[in-house]
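Atom set for the values below is all heavy atoms of this structure, side chains included, hydrogens, waters and symmetry mates excluded. Numbers restart at 1 for each chain; the letters A, B, ... are given by sequence-line order, proteins then strands.
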Amino acid sequence: MTDDQRPQPGARRQAPRRDPLPAAGHGQAPSRSLLLEITTRVIYPSVLVVALYLLFAGADRTGGGFTAGLVIGAGLALRFLAGGPHEFGTAVPVNPAGLLGAGLATMAGYGLLGILGDGALSSVTWKLDLGVLGHATVSSALVFDLGVALLVVGLVVDVLRVMGPGLAPDERQADEDAP
Amino acid sequence: MVALLLLHAVAATITAVLARTVGPRCALVAALAPAAAFGWLLVRAPGVADGETPATAIEWAPSLGLVIDLRLDGLSLVAGLVVTGVGAVVLQYTRHYVTDGSDDGPARLPVLLVLFAGSMLGVVLADHLLALYVFWELTTVCSFLLIGAVDAARRRAALQALIITSGGGFAMLLGLVMLGHSAGTYRISAIMANPPDGGLVEAALILVIVGAVAKSAQVPLTSWLPAAMAAPTPVSAYLHAAAMVKAGVYLVARFTPAFEHSTAWRPVVVTVGLATLVLAGARALGQTDLKRLLAYGTASQLGLLFVLLGAGTRTAALAGLTMFVAHALFKATLFLVTGAIEHEAGTRDLRELSSVRRTAPGLVTVAVLAGVSMAGLPPTVGYLGKEAAYEAFLEPYPGGAWVLAGVVGGSSLTVAYTLRFLWALLADRSDARVPAHRPGLGLTVAPALLSVGGVVLGITATFTDHLARLHAREYAEPSGSPYELALWHGWTPALALSAGTIVLGVAAFALSGRLEPRIRPLAAAIDAAGRLSAATTALVRAVRAAVAATHTGSVPAYLAVVLLTTVVAPVAFLVAQGLPAGPFGLWDRAAQALVGLATAIACVLAAILRSRITAVLLVSAAGYLVAVLFAVHGAPDLALTQVLVETLMLLVILLVLRRSGEYAPPSPRLTQGVRATLATLVGLAITLVALAVTANHTPSRVIDEFVTASEESGAANIVNTILIDVRAFDTIGEVTVLTVTATGVVSLVLVRRRTGGPPRLTDDPGREPQAEDAR
């Protein structure tokens, strides 16, 4: 490599990305709103963090598994609106039925594990001393809440992908035929 | 006992894992589980013969009061031995049957068969009514999966079997719950020791009989069993001959000692059994497909078992248990032989088979031994059972003459169709298909073992007698010497009847060729299943007419009906109570008044405006304002959930509305008037109900329990604790509803197929965005 080509300290390593969202330009997006795309890009990680907070805070404050799942669903809906069905697919690269099943399996597995304790669906509470961070009480029912959140996300993804702009090919035919 | 049941599940997992490395041999690994259960039962047999009844109880959810009781007694022992023994043998047969890589992988059949064996073992060991039901339905599920969905015919057969057997299962569940409720306990052994009586119990017993009838393919629910013959042979041999269909018989045997005195039980069971014995036997005589012949034969023999085990006398029970074992042995053998021949010859139509006895002599000998047992000739166990059956109804019995006539007739038909089956194997037809080559030793060992077992049990009649007595001892011994199974009783009327049966059977077979064209339409005409389908067609037509009349397809019309019911029913109830409505004020805080006013304005505007999107947005605004109301009232969890659900709902509605026009067309004045009236009525009704409820507010009875529970777990959010901890079981039910909803929505929209997931970047690499925009 010549001196010009060797990467200079402080210089940008790569050209900036053209699309704020990974798959926004793909497919048949008729009109793209740059404002919406950039806002989504900025907000989306925070949405996920809020959802995680709601999941853990549900024990003592407002929150819980249902609301955490709904918040994640809202974030995914935002990516859907901003970038279209392909963006949505990149955001959720798994089969939504798998999410539904994973949620149910987590809940059922947690419930059956309880047989080893007080009986099915019993919970255990642990009190932890985290030193600088203070005391925390964690209940094993958090696993159950996680299952609920997974299931709600699966539900939202499943409903959005069939209702959204990404029509299935044979449906699009039917739509074009109708006046 | 619990370990045995779990062993089957473990064996299934191991088999599934091993299938990739060892191929079809994994079936032998799977065979270890039922073989181990067989061994365990043999070890326990002497103890049970002496009168011990080992039992365990698994308290798996004490807070919900759920417990699984398991108990081993004489009937469970014999049924368990049959189920596990035949299971192990069939799994060995499967190892040689699946060599041609059919049916998606070599693991599917063995895994499902061993799971089924475990479920069936659970049915016979269960001592709790609901545990019995759960294992019962597990066998139904296994049967559905085993019949499979490879092509349309099999899918239809599997669905038919599922619908009929689980429909009967629902009726049975209702009956079991009623029974448990009347008896005050759900433990079967307690109910048998102290049977309840009364009208409710009679109705419950009828429902239980319906379940048994559906499971054992008795008249009028026979049709699923011949259809299920589309399944592979090991499945037919195990499920539909030796095990699953025997579950109904097991239920009859289990309940008869306690309920033989009920007015409904004995007549219904014996009548159904007799009808099936004769009708299915007649149908079997007219079949050309060997498996369907055996299927109708199975239904007929199960009818005989219903008669014997439901009759309620010691000798009949002795005969019944002997025939239970005998039928499993000879029927499974014949199915396995048919499968082996079909494997080699490519057909199981008896008009086409020829020279089987030359190409596969060993197999034919085995089949002949089994056929001898089926026809009831000495020295097989089938003969012992038939003799005992005749003896049972030669003893004084109400309506015994009719029953005896039916049994003799049915047994003659059995002899006739046995001859028909064997003739297919023994005859030579010049222009028919010959089996390609002799079936290997692997396919012959299993049926040989079973048929030789039938002969051995017949020769060692005292041993068989001890075995059958394990159940017959539930009944009172008659005066005089009790009947014992033996090969020779002397010149008894029963012997004459046996001889007569064989003569009649041979005559029926010989004449069947000539009478066949006349018998078949007669049999089909009197077949209740056929008449049932005519009745079903009429019912379907009537239902369709009713649906066409009431379902206009207009959503506003449906909504109007629903809302009208919402108005009328509670208001009528309240008016009957005298319209209790306590004192009420307009608002407690100014914030409530403002929110209420804003909500009212939003709703009125949403009703008036014709722009669809604006109207939807206003409805959502009303929803958000209600969330504010929740927050003001001190329910933050509710408010948060309301806001989130409202947002997502708004999004989905807007996405759907994209396909409709922007403005709703104007409705005629009359419709608008009707809708406005209805809406006002609904509003007034709900207001009345809300006032009445708040006036009669009673404090919650469970709130203290919830508060203690949440304090114990150290959580401050009671709502969340209730959802995921105290009432977690309810939450599981609710999220199951969510799953079904999601699947339903997707299936309704994508009517043709359920795609894998949202499209991804990698899905269509060749399409450029610019080309799309240019279109």
Bottom line for A:L155: the part with an atom under 4.5 Å from chain B's heavy atoms is both

Answer yes or no: is there a side-chain heavy-atom contact under 4.5 Å between B:F630 and B:V626?
yes

Practice item. Return yes when atom CZ of B:R612 has more than 12 non-hydrogen atoms of other residues, nucleotides or ligands closer than 6.0 Å, and no otherwise. Key: yes

The interface call for A:V156 against chain B, heavy-atom contacts under 4.5 Å, is side chain

Looking only at heavy atoms, the pair that brings A:M107 and A:V148 closest together is SD-CG2, 3.6 Å

Check: Any luck finding a side-chain donor-acceptor pair between B:D637 and B:N717 under 3.5 Å?
Finding: yes

Honestly, the part of A:L151 sitting under 4.5 Å from a heavy atom of chain B is side chain

- Query: In terms of ring plane angle, is the pair B:H128 and B:Y186 parallel, tilted or perpendicular, where the classes change at 30° and 60°?
  - Reply: parallel

Assert top hit (heavy-atom pairs under 4.5 Å, partner chain A, pool B:L654, B:V645, B:D725, B:V656) equals B:D725

The interface call for A:S139 against chain B, heavy-atom contacts under 4.5 Å, is side chain

**Derivation of the side-chain contact (heavy atoms from CB on, under 4.5 Å) call for A:Y44 and A:R79** = CA-CA 8 Å; A:Y44 184 69; A:R79 280 188 79 165; 3.4 Å; yes

Okay, B:L651 and chain A: the region with an atom under 4.5 Å from a heavy atom over there is side chain

Within a reach of under 6.0 Å around CD1 of B:I613, are more than 12 heavy atoms found that belong to other residues, nucleotides or ligands?
no

Ranking B:T736, B:I732, B:V745 by heavy-atom pairs under 4.5 Å to chain A gives rank one to B:I732

Cut-off 4.5 Å, heavy atoms of chain A, and the answer for B:L648 is side chain

Okay, B:T647 and chain A: the region with an atom under 4.5 Å from a heavy atom over there is neither

One option among A:L54, A:T125, A:V138 has the most heavy-atom pairs under 4.5 Å with chain B, and it is A:T125

Chain A shares the most heavy-atom pairs under 4.5 Å, among B:L738, B:T721, B:V719, with B:L738

B:Y133 meets the ring pair (Phe, Tyr, Trp, His ring centres under 6.0 Å) criterion, sequence neighbours left out, with none

Applying a strict 4.5 Å limit to non-hydrogen atoms, the region of B:L723 in contact with chain A is both

